[in-house]
Amino acid sequence: MDDNPYLAHLPPFQRGAVHSSSSSSSEKEPLFGFLPRKVKGEQMDDFLELFSKNQIIVMVGETGSGKTTQIPQFVTYSDLPHTKGKLVACTQPRRVAAMSVAQRVADEMDVQLGKQVGYSIRFEDMTESGTTFLKYMTDGMLLREAMSDTELSRYSTIILDEAHERTLATDILMGLLKTLAKRRKDLKIIVMSATLDAVKFQSYFSLHDSAAGEEPSPAPLFKVPGRTHPVEVFYTQEPEPDYVEAAIRTVLMIHRAEDPGDILIFLTGEEEIEDACRKIKIEADDLLNADPSSVGPLMCVPLYSSLPPQQQQRIFDAAPKPSQPGYPPGRKVVVSTNIAETSLTIDGIVYVVDPGFSKQKVYNPRIRVESLLVSPISKASAQQRAGRAGRTRPGKCFRLYTEKDFMSELEEQTHPEILRSNLANAVLELAKLGIKDLVRFDYLDAPAPETLMRALELLNYLAALNDEGELTALGGVMAEFPLDPQLAKMLIVSPEFKVSNELLTITAMLSIPNVWLRPPNQRAAADQAKAMLTVPEGDHLTLLNVYNNYSQNKDDRNWAWNNFLSARALAQAENVRAQLLRTMEKYDVDVISLEDERKRNIGIRQALTCGFFMQVAHKEGEKGSYLTVKDNQVVALHPSCGLDTQPEWVLFNEFVLTKRPYIRTVTEVKPEWLLEYAPVYFDLASFPDGETKRALQRVANRRRGASNGGEEPRPKKKLKN
DNA sequence: GAGCACTGC
């Protein structure tokens, strides 16, 4: 942080000083005797004045301004939260950021991390109650806290950092804080963002006294200059028809003609990146062989999130040495997804190649499907990418589109997540937060009404919200689980089928990334290993089987590897499972199991039905195509599906829209269960006409005929429906 | 007979 403009103005904040100014009775509460002091430096004076006079301020600071480490410290000095038994919170969209910034600030303040300065992220609370007064945390964590304390009464100041990223959690927190500020006049709020969004935040948080009929005045703005180097931007003369090919060509052009310095290229996904790396390597080797005295060696490194951490580390390796002493130095090329745009910073990048695309999540509320689409990036995103070239010295950014397209075709901002997501989870959270009218909630950007309707509808069918849209007791418990509503529901009802121990595992396995590995050169072996673990009744049972085998083979360090499974993902599942288990214990959800394997598997499939009855497909004809119930989407079983037959009725975890519409992670269900466990959703009187309805009608008639002669075990207690 | 932008609880 030596390029930090604030550092010179920092007051001494040392443990020694604290002890000398503390009385013996306050030894346990360090800094208690600490008084606010006048600190040199105009910037800090200006900030403190603004902070003391306003409840809400908006702050903009370019990258390299040090706002994330410095502003929370200024606030702490001014606010002295510990004298009021309160804390200053600073939220981050990502865990690593919360952890690493907390560490830096603890170092700067010369205190031990986890004492006066701490952090709080999922699975790890590095704070000490009564001692910590400055806490970095993920935005999701603060949102969770708000669900149990809607006043956020532990905090004297809340700083929302990186607000311009507009994560779902930050957006909900902003709405919440805007309302809370009216009730809690003692609560201070700082919204920190990149420059482009400031005006929007200022007017959202505008102060107005509606009683006095005043015109709203925008929230005050505080600006901090950045400390980055200039980046020269180049555009192409004509649009590029093939951006991957153009990117490769540009890299080689830079390699031949430009001064030493590493290159960062943005592409959209794993396959594209691996492919581009191969091609760049071949071309660069040709160049080197043809004329080793005029070009240096080139090293090409892929970067995307599903890459094992060890391989991700390679982006920090130094560029290769010259092929011979006195020859041109080598160059490192990192070919990355958007992960290098915000999450990971690579020093030494001087050239950025930006084709102008990324994969973005889009949500279609009509068919209730989230999918990934390669789309043009926004101007803000392009600017962020360019900035990656100027971190250590002046750089260059090559945009593979025309300046005209940049000006007229790109959107100013990437659409915030709240406009691109299924909001079932968010709506349940809002209900738990006590928001009565979810449609009229003061969103910074209001989601499409249809998206909200879809979420409300799902939660109502799951009995998390009643017909008036109010949170039910069941919904209240569901919100306590860090899970999608369907998963929370099935986990909570699973004791009624005596299979909650199994559902706990399945839920954990469904909450983590894909566990199956399939290296390109060992596909057959990987498929064989998978077949060994497959349970033909359904993929959910297969996931359970995988986890149980993993648990039983804990002594064998190579078990996951030998079975072509991701050890990292399995370890995550174990973590998630432990967390869910704690939540179950807290809310008295019994963890029980059935001895008999056949009964157990039936119970599991029945419990799954209680959460996923809206994600059921019915086989149509003999060609193996399925129709989703009610939505009537034609879907196929995903090729990864382990069912050995094509059952008439299946429940699926996921609808994926890739080359074709697929349903993934699929288990056979009985139509009787649909009628029994989801009678409202499967009310035949209001069911759309079609083959599915006729099939259900036949089952319903049969059930009415046969009085209580069902061969399947029934749950003892009545379901909480 | 496919895939996995990224993050968070």
Side-chain angles (χ1 to χ4, degrees), chain A residues 91-98 120-125 137-148 162 165-173 266-274 302-308 336-344 357-362 370-375 377 381 384 414 416-418 420-421 425-426 428-429 432 478-485 487-488 507-508 511-520 523 526-527 530 566 569 572 575-576 579-580 582-583 624 636-642 654 656-664:
Chain A
T91 68
Q92 297 293 320
R94 283 166 292 278
R95 286 187 212 158
V96 270
S120 175
I121 59 175
R122 188 183 187 180
F123 306 125
E124 200 184 358
D125 182 9
M137 66 204 298
T138 45
D139 48 13
M141 257 338 246
L142 186 62
L143 193 56
R144 279 252 131 221
E145 279 193 23
M147 290 196 311
S148 53
E162 313 288 1
E165 288 193 27
R166 304 291 306 275
T167 66
L168 202 40
T170 298
D171 265 29
I172 294 175
L173 280 170
F266 288 99
L267 291 178
T268 67
E270 170 175 349
E271 200 182 325
E272 213 173 74
I273 288 170
E274 293 292 353
L303 177 64
Y304 43 89
S305 76
S306 61
L307 209 59
S336 172
T337 61
N338 253 7
I339 194 170
E341 197 180 297
T342 46
S343 307
L344 272 169
F357 292 94
S358 70
K359 276 192 192 168
Q360 286 166 35
K361 186 171 70 182
V362 286
E370 282 180 345
S371 47
L372 287 171
L373 220 64
V374 174
S375 325
I377 61 170
S381 191
Q384 177 75 11
T414 310
E417 211 183 349
I418 199 167
R420 297 185 287 118
S421 308
N425 221 340
L428 182 60
E429 282 165 1
K432 179 81 179 182
M478 282 168 63
E480 295 292 341
F481 286 87
L483 294 171
D484 280 342
L487 293 169
T507 306
S511 306
I512 50 135
N514 181 24
V515 289
W516 309 101
L517 300 178
R518 205 164 178 251
R523 285 188 179 176
D527 291 349
K530 186 175 177 186
S566 160
Q572 279 178 47
N575 251 338
V576 173
Q579 189 191 29
L580 294 175
R582 286 195 296 275
T583 312
L637 299 181
H638 194 270
S640 66
C641 174
E654 239 182 332
V656 287
L657 201 60
T658 47
K659 288 188 178 158
R660 294 167 57 188
Y662 285 110
I663 50 177
R664 192 160 55 190

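Bear in mind that the values here come from a model prediction, so they are computed numbers and not experimental data. Protein chains get the first letters and strands the later ones, always in sequence-line order, with residue 1 at the start of each.
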Undergrad: Can you check the A/L303 CG to B/dC4 C1' distance for me, whole Å?
TA: 14 Å
Undergrad: Base, sugar-phosphate, or nothing for A/N338, non-hydrogen atoms under 4.0 angstrom?
TA: nothing
Undergrad: Which is true for A/R122 with a 4.0 Å heavy-atom rule: it touches a base, it touches only sugar-phosphate, or it touches nothing?
TA: base
Undergrad: Give the rounded distance in Å between these two atoms: CD of A/E272 and P of B/dG3.
TA: 14 Å
Undergrad: Atom CD of residue position A/E271 - does it have more than 12 heavy atoms of other residues, nucleotides or ligands inside 6.0 Å?
TA: no
Undergrad: Is the phosphate of B/dA2 approached by A/T658 (side-chain N or O, under 4.0 Å from OP1 or OP2)?
TA: no
Undergrad: Of all residues at least two apart in sequence or in a different chain, which pass the side-chain contact (heavy atoms from CB on, under 4.5 Å) check with A/T268?
TA: A/Y243, A/E272, A/F357, A/K359, A/V374
Undergrad: With heavy atoms under 4.0 Å as the rule, sort A/I339 into base, sugar-phosphate or nothing.
TA: sugar-phosphate
Undergrad: Just call it for A/R518: base, sugar-phosphate, or nothing, with non-hydrogen atoms closer than 4.0 Å on any strand.
TA: base
Undergrad: Look at the side-chain N and O atoms of A/T342 and state whether any lies under 4.0 Å from the OP1 or OP2 oxygen of B/dC6.
TA: no
Undergrad: Any base atoms under 4.0 Å from A/K659, or only sugar-phosphate, or nothing? Heavy atoms, all strands.
TA: sugar-phosphate
Undergrad: Can you tell me if A/R523 touches the phosphate of B/dG1, counting only side-chain N or O atoms and a distance under 4.0 Å to OP1 or OP2?
TA: no
Undergrad: Contact class for A/S358 (heavy atom, under 4.0 Å): base, sugar-phosphate, or nothing?
TA: nothing
Undergrad: Please report the distance, rounded to the nearest Å, between CD in A/E271 and P in B/dG3.
TA: 9 Å
Undergrad: Give the rounded distance in Å between these two atoms: CG of A/L487 and P of B/dC9.
TA: 17 Å
Undergrad: B/dA2, OP1 or OP2 - any side-chain N/O from A/Y662 closer than 4.0 Å?
TA: yes
Undergrad: Heavy atoms only, 4.0 Å cut-off, all strands: where does A/Q360 land among base, sugar-phosphate and nothing?
TA: nothing
Undergrad: Just jot down the side-chain contact (heavy atoms from CB on, under 4.5 Å) partners of A/V362, sequence neighbours excluded, or say none.
TA: A/S371, A/L373
Undergrad: Could you please spell out the steps behind the side-chain contact (heavy atoms from CB on, under 4.5 Å) verdict for A/E124 and A/R95?
TA: CA-CA 10 Å; A/E124 200 184 358; A/R95 286 187 212 158; over 6 Å; no
Undergrad: With respect to the side chain of A/S305, which nucleotide from B/dG8, B/dC6, B/dG1 is positioned closest?
TA: B/dC6
Undergrad: Quick check: on DNA chain B, is the nucleotide nearest A/S306 upstream (toward 5') of the one nearest A/E429, or the reverse? Name the residue that is more 5'.
TA: A/S306
Undergrad: Rounding to an integer number of Å, can you tell me how far A/R95 CZ sits from B/dG8 C1'?
TA: 7 Å
Undergrad: At under 4.0 Å, does any side-chain N or O of A/T337 touch on OP1 or OP2 of B/dC6?
TA: yes
Undergrad: Mind checking A/I121 for me? I need base, sugar-phosphate or nothing, with any heavy atom below 4.0 Å counting as a touch.
TA: sugar-phosphate
Undergrad: For A/H638, is there any backbone N or O sitting under 3.5 Å from a side-chain donor or acceptor partner on A/R664?
TA: no
Undergrad: Mind checking A/F481 for me? I need base, sugar-phosphate or nothing, with any heavy atom below 4.0 Å counting as a touch.
TA: nothing
Undergrad: Could you tell me whether the phosphate oxygens of B/dC4, OP1 or OP2, come under 4.0 Å of any side-chain nitrogen or oxygen in A/R664?
TA: yes
Undergrad: Ignoring hydrogens and angles, state whether a donor on the side chain of A/T342 or A/Q384 is under 3.5 Å from an acceptor on the partner side chain.
TA: no
